[in-house]
Amino acid sequence: MTIENKTILLVEDDAIIAMDEKRQLERKGYSVILVGSGEKAVSTALKQEVAIDLILMDIDLGRGMDGTEAAEQILNKVDIPIVFLSSHNEPEVVEKTEKITSYGYVVKNSGIVVLDASLKMAFKLFDSNRKLHRELIERQQAEKAVRRSEERYRTIYNNSPVMLHSIGQNGQLISVSDCWLDRLGYKRSEVIGRKTTDFLTDESRKYAEEVVLPEYFATGICTDIPYQIVKKNGEVMDILLSAIAEKDQKGNIKRSLAVLTDITKRKQAEKALKKHQKNLKLALKTAKLAHWELDLVKNKLYWSDEIYEIFGLDPIDDTASYETFLRTLHPDDADWVGEAYLDSVKNKTQYDIVHRTVLRDGTIKNTHETCYTEYDQDNTPLYSYGVARDITETKQAEDQIKNLLKEKETLLREVHHRIKNNIASIGSLLSLQANSTENDDAKAVIQEAINRVHSMQVLYEKLLMTKDYHELSVKDYLSDLAVAVERLFIGKAAIELNIEIEEYTLDTKTLFPLGLILSELLTNSMKHGFRELESGIINIIFSQQGNEITLAVKDNGCGLPDDFDLNSSPGFGLTLVNLLVEQICGSFSIDDDNGARSIVKFEL
């Protein structure tokens with residue numbers, strides 16, 4: 001027996017004896033933990049800071065708790081072998097220890113050989129006890145599981161909502177479930193001992209006696225057998241029967257279980273489905289939709305009568321085949337149509353194409369085809385089901401609409417171009433007017449008008465560069481507009497623009513007044529914010545939080561006049577801003593924050 005990694009808790013109050021015993025045990029290969037009292041022994045064993053494999057316990061431990069009491073307290077908490085090592089050899093002392101534990105009692109000074117043998121025997125006994133205990137528990141659990149299983153089986157069998165029965169060697173009923181009796185209307189005393197075939201229709205009885213039962217008794221299994229069983233009231237129920245049997249060594253059936261599934265409603269549903277399919281075919285014919293089915297296993301194609309009409313085929317001369325279909329395709333479409341179908345089957349993707357069909361008289365039609373493919377559990381394709389529709393008139397209408405839309409876009413682009421040129425002409429006229437007058441106030445008014453015209457010009461330039469005339473990029477439009485306004489003030493104070501605009505698109509109905517608002521606020525900062533300064537910074541921030549949009553224009557200039565009041569401001573620019581903000585159903589505020597700060601808010 002190997003004693004490597006075995007740790008012994010040695011409980012001995014005599015220090016010299018303890019050291020000697022510890023030394024001898026360690027020479028034998030044990031790891032030894034030494035404690036000198038019963039209290040410390042209990043504490044050390046229960047803390048389990050170190051894995052202890054055995055406790056070698058002295059009985060007389062001086063003052064306090066003795067060895068037997070310490071052993072009882074330890075064994076109340078943990079399962080561990082305890083061997084008593086004592087000078088006592090009185091029968092009553094030995095008997096007392098045997099009531100506590102039965103792993104050994106060694107008289108001191110018996111020698112290390114005796115002690116080592118006793119310890120090894122204690123380890124073996126402990127391992128055997130644990131193994132026996134585990135086996136006993138496992139056996140009890142197994143027996144309990146078997147009982148539970150049998151009880152569960154009986155409960156399930158008798159109370160199952162499924163029709164169940166069991167038969168004997170001669171095919172007679174030996175048990176039936178309550179559901180079996182309830183569904184068929186019999187009492188248990190009326191059926192037990194009778195043959196199962198007694199309750200079948202004549203046709204089903206013959207099939208059972210000649211085919212099913214002989215095979216079942218030979219193999220012990222049958223699956224989904226279609227029968228018709230007769231209820232006590234004479235009604236016939238369609239069922240599927242599956243059964244399994246357990247045989248003894250002689251081949252006789254020991255136990256059997258049959259499950260009967262009522263498929264009467266399924267049969268009715270199948271009948272209704274056939275009627276539905278008939279109606280569907282009628283609907284497809286009415287809607288001028290053709291359908292086809294391809295059996296990929298047998299390589300057999302079926303198509304409806306409408307296929308002949310769509311593809312211009314003769315029902316007598318042209319048989320349903322893939323080769324016949326290929327002959328109807330436009331030469332430029334034949335290859336890719338076949339590849340598209342094969343790819344859809346291989347990759348399990350949608351087959352949805354439009355191809356050209358050439359009739360016998362040379363007429364070209366546009367045909368829309370879709371299909372799906374059915375696969376088995378091994379992903380082998382079994383059937384393809386398709387629908388074809390003549391969309392020639394629809395295609396012609398779509399092409400006409402596309403041409404009209406293209407003409408409309410060309411016309412609209414030309415209109416925007418003319419408007420842009422007209423706006424540019426207005427701007428040029430105003431510039432000429434400003435240069436021809438010597439009145440500074442008049443020049444300032446005209447320059448503000450030029451700025452507003454330029455804002456409109458930037459918008460129309462953006463409209464000409466985009467494919468969507470209803471929405472524009474806020475970032476592109478407002479950034480370019482801000483830079484354009486800045487250029488109008490070159491030569492004055494050195495102004496640095498910081499533009500922070502998130503990427504959005506807005507409809508032009510909102511974006512146009514927003515551009516005018518930005519132009520007015522930026523012009524105000526340029527004109528009035530840095531009158532006595534050589535440089536400055538203007539921050540433009542456009543952001544969105546939820547449905548709320550915020551446009552903020554802030555400079556670090558000289559700020560607002562002390563007597564400034566937005567509601568009584570006589571300036572045309574701020575009056576225009578207020579009107580434009582009302583137009584977009586927003587709010588406008590302006591205050592002094594180490595320079596002028598204007599904020600416009602509105603909701604989408």
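Applying the salt bridge (Lys or Arg N to Asp or Glu O under 4.0 Å) test to pairs two or more places apart or on separate chains, those with a residue in residues 592-604 are Asp591-Arg597, Asp593-Arg597.
The shortest side-chain heavy-atom distance between Ile538 and Met526 falls under the 4.5 Å cut-off. Contact annotation: the side chain of Trp292 approaches that of Glu369 to within less than 4.5 Å [non-hydrogen atoms, C-beta and beyond]. Side-chain contact between Thr357 and Ile364: absent, with no pair of heavy atoms (C-beta onward) separated by less than 4.5 Å. Put simply, the side chain of Phe311 does not reach to within 4.5 Å of the side chain of Thr324, judged on heavy atoms. Within the 4.5 Å cutoff, side-chain heavy atoms of Val78 are placed close to those of Leu46. For the pair Val485/Thr523, a side-chain contact is recorded, criterion being any heavy-atom separation below 4.5 Å from C-beta on. Put simply, the side chain of Leu472 does not reach to within 4.5 Å of the side chain of Thr505, judged on heavy atoms. Residues Ile540 and Asn498 are not in side-chain contact: their nearest non-hydrogen atoms beyond the backbone lie 4.5 Å or more apart.
Between Phe325 and His355, the ring planes are perpendicular. Angles over 60° get that label, and only those under 30° would be called parallel.
Of the inter-residue distances, the one linking Thr373 atom OG1 with Leu296 atom CG reads 6.5 Å to the nearest 0.5 angstrom. In this structure, CG in Leu574 is found 5.5 Å from CD1 in Ile590, a value given to the nearest 0.5 Å.
Salt bridge present: Asp318 and Arg360 bring a charged side-chain N and a carboxylate O closer than 4.0 Å. With respect to Asp238 and Lys265, no salt bridge is recorded, no charged nitrogen being found less than 4.0 Å from a carboxylate O.
Taking the side chain to side chain donor-acceptor pair (under 3.5 Å) definition, one finds that Asn556 meets it with nothing, sequence neighbours left out. Thr349 pairs by the side chain to side chain donor-acceptor pair (under 3.5 Å) definition with nothing, not counting sequence neighbours.
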> Step by step, would you call Tyr351 with Tyr372 a ring pair (Phe, Tyr, Trp, His ring centres under 6.0 Å)?
Replying inline: CA-CA 7 Å; Tyr351 177 74; Tyr372 76 92; over 10 Å; no
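No cation-pi contact links Lys475 to Tyr504, judged by a cut-off of 6.0 Å to the six-membered ring centre and 45° from its axis.
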